[in-house]
Amino acid sequence: MREFFSYRVLHMFRTLLASLLIMLAAASCGPTQSTTGGQVSPGDSGAIRLRHVDAVNAVRIQAGLVPLQLSAELNAAAETHARDMSVQQRAWHFGSDLTSPRERAFRAGYRGEIAGENLSEGTDSDLMVLKSWLDFADTRNVILSPSGRGIGLGWYQDASGKTWWVQMIGE
């Protein structure tokens with residue numbers, strides 16, 4: 001019982017620390033999108049990606065993992081899939097042409113393997129989406145993949161204001 005309690009306390013501490021690191025990263029970077037959602041300005045894409053990578057890397061470093069490098073190819077594959085999910089009106093890992101994350105990354109010029117892909121839809125900001133990914137074991141495991149070396153983030157905001165988010169972690 002004591003081991004279970006210790007694990008739960010450690011897990012709660014790590015989750016709290018990760019949330020704090022994400023908030024600190026958000027406060028230290030440029031333009032932000034409100035935490036309740038809102039329009040994503042096209043001019044903010046660079047700042048959003050850098051803030052995202054900084055927050056992910058803070059969590060990875062705290063877990064003893066190497067930081068990820070932003071990948072233009074993974075960004076392109078993630079953006080393409082975000083737009084495609086909007087067209088399909090569902091967040092899932094297959095393109096409308098049934099391509100996998102690996103195939104989409106390869107088409108965009110990425111030559112490594114794909115450790116995983118995280119998806120979200122809704123009106124949450126980029127950092128709220130990241131926090132939700134860190135709160136669930138499956139998506140957190142993608143972010144904390146020991147083989148991860150590259151990262152891409154893409155999104156598409158449709159006319160209704162819904163934002164479709166795609167994060168790709170490459171090896």
Side-chain angles (χ1 to χ4, degrees), residues 2-33 35 44-82 85 91-93 100-122 124-155 163-171:
R2 175 184 267 188
E3 290 174 8
F4 176 75
F5 178 75
S6 297
Y7 173 77
R8 297 269 303 158
V9 169
L10 180 62
H11 176 72
M12 287 172 38
F13 175 75
R14 284 185 173 170
T15 302
L16 179 62
L17 183 59
S19 296
L20 179 62
L21 290 170
I22 289 170
M23 287 186 274
L24 287 173
S28 68
C29 292
T32 60
Q33 178 186 2
T35 56
D44 292 346
S45 63
I48 290 170
R49 282 196 179 96
L50 290 177
R51 179 175 61 225
H52 183 82
V53 172
D54 286 347
V56 165
N57 283 338
V59 173
R60 286 181 60 85
I61 289 167
Q62 188 264 335
L65 299 168
V66 299
L68 301 175
Q69 298 296 314
L70 194 58
S71 164
E73 295 85 4
L74 291 176
N75 285 341
E79 278 189 6
T80 300
H81 191 53
M85 288 190 315
W92 73 320
H93 295 285
S100 68
R102 182 177 186 224
E103 291 167 313
R104 290 190 304 276
F106 189 81
R107 279 184 186 170
Y110 190 78
R111 295 300 177 246
E113 291 297 321
I114 298 301
E117 178 181 68
N118 290 325
L119 310 173
S120 183
E121 64 177 286
D124 286 337
S125 72
D126 57 301
L127 291 177
M128 292 303 293
V129 168
L130 177 57
K131 184 184 177 319
S132 72
W133 287 333
L134 289 169
D135 286 344
F136 292 96
D138 291 345
T139 50
R140 183 177 57 250
N141 289 341
V142 170
I143 293 168
L144 296 178
S145 171
S147 62
R149 297 295 178 266
I151 184 171
L153 179 69
W155 62 90
T163 305
W164 303 82
W165 296 96
V166 178
Q167 178 198 63
M168 298 183 82
I169 307 292
E171 298 180 353

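Along the sequence shown, residues are numbered consecutively beginning with 1. These figures come from a predicted structure and were not determined experimentally.
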Give the minimum heavy-atom separation between [X] and [Y], together with the two atoms involved.
X	Y	result
Trp164	Ala82	O-CB, 3.4 Å
Ile169	Gly148	CG2-CA, 3.9 Å
Ala78	Leu153	CB-C, 3.8 Å
Arg102	Glu113	NH2-OE2, 2.9 Å
Ala77	Arg104	CB-O, 3.7 Å
Val166	Trp133	C-CH2, 4.5 Å

Closer than 3.5 angstrom, by distance alone: can the side chain of [X] be matched with the main-chain N or O of [Y] as a donor-acceptor pair?
X	Y	result
Glu103	Ser100	yes
Arg49	Gly154	no
Ser132	Val129	yes

Quiz prompt | Residue pair His81 / Glu117, side-chain heavy-atom distance below 4.5 Å | solution =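 Sidechains of Glu117 and His81: in contact.
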Quiz item: Is the closest side-chain heavy-atom distance between Lys131 and Leu134 below 4.5 Å?
Solution: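 Heavy-atom side-chain distance check fails, nothing below 4.5 Å.
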Quiz item: Between Trp155 and Ile48, does a side-chain contact (heavy atoms from CB on, under 4.5 Å) hold up when you go through it step by step?
Solution: CA-CA 10 Å; Trp155 62 90; Ile48 290 170; 3.8 Å; yes
Exercise. Kindly indicate, with the supporting measurements, whether the criterion side-chain contact (heavy atoms from CB on, under 4.5 Å) is fulfilled by Arg60 and Leu144.
Key: CA-CA 6 Å; Arg60 286 181 60 85; Leu144 296 178; 3.9 Å; yes
Self-check item: Any residue meeting side chain to side chain contact (heavy atoms under 4.5 Å, CB included) with Gln69, in chain and number order, not counting sequence neighbours
Solution: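 Side chain to side chain contact (heavy atoms under 4.5 Å, CB included) list for Gln69, sorted by chain: empty.
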Exercise. Give the intermediate values and the outcome of side-chain contact (heavy atoms from CB on, under 4.5 Å) for residues Trp165 and Met85.
Key: CA-CA 9 Å; Trp165 296 96; Met85 288 190 315; over 6 Å; no
Quiz item: Asn75 pairs by side-chain contact (heavy atoms from CB on, under 4.5 Å) with which of Thr80, Leu70, Ile151?
Solution: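 So, applying the side-chain contact (heavy atoms from CB on, under 4.5 Å) to Asn75 and each of Thr80, Leu70, Ile151, only Leu70 qualifies.
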Practice problem: Only one of Leu119, Leu130, Thr139 passes side-chain contact (heavy atoms from CB on, under 4.5 Å) with Gln167; say which it is. | Solution: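 Of the listed residues Leu119, Leu130, Thr139, the side-chain contact (heavy atoms from CB on, under 4.5 Å) partner of Gln167 is Leu130.
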Quiz item: Does the side-chain contact (heavy atoms from CB on, under 4.5 Å) test come out yes or no for Arg111 and Phe106, once each step is laid out?
Solution: CA-CA 6 Å; Arg111 295 300 177 246; Phe106 189 81; 3.2 Å; yes
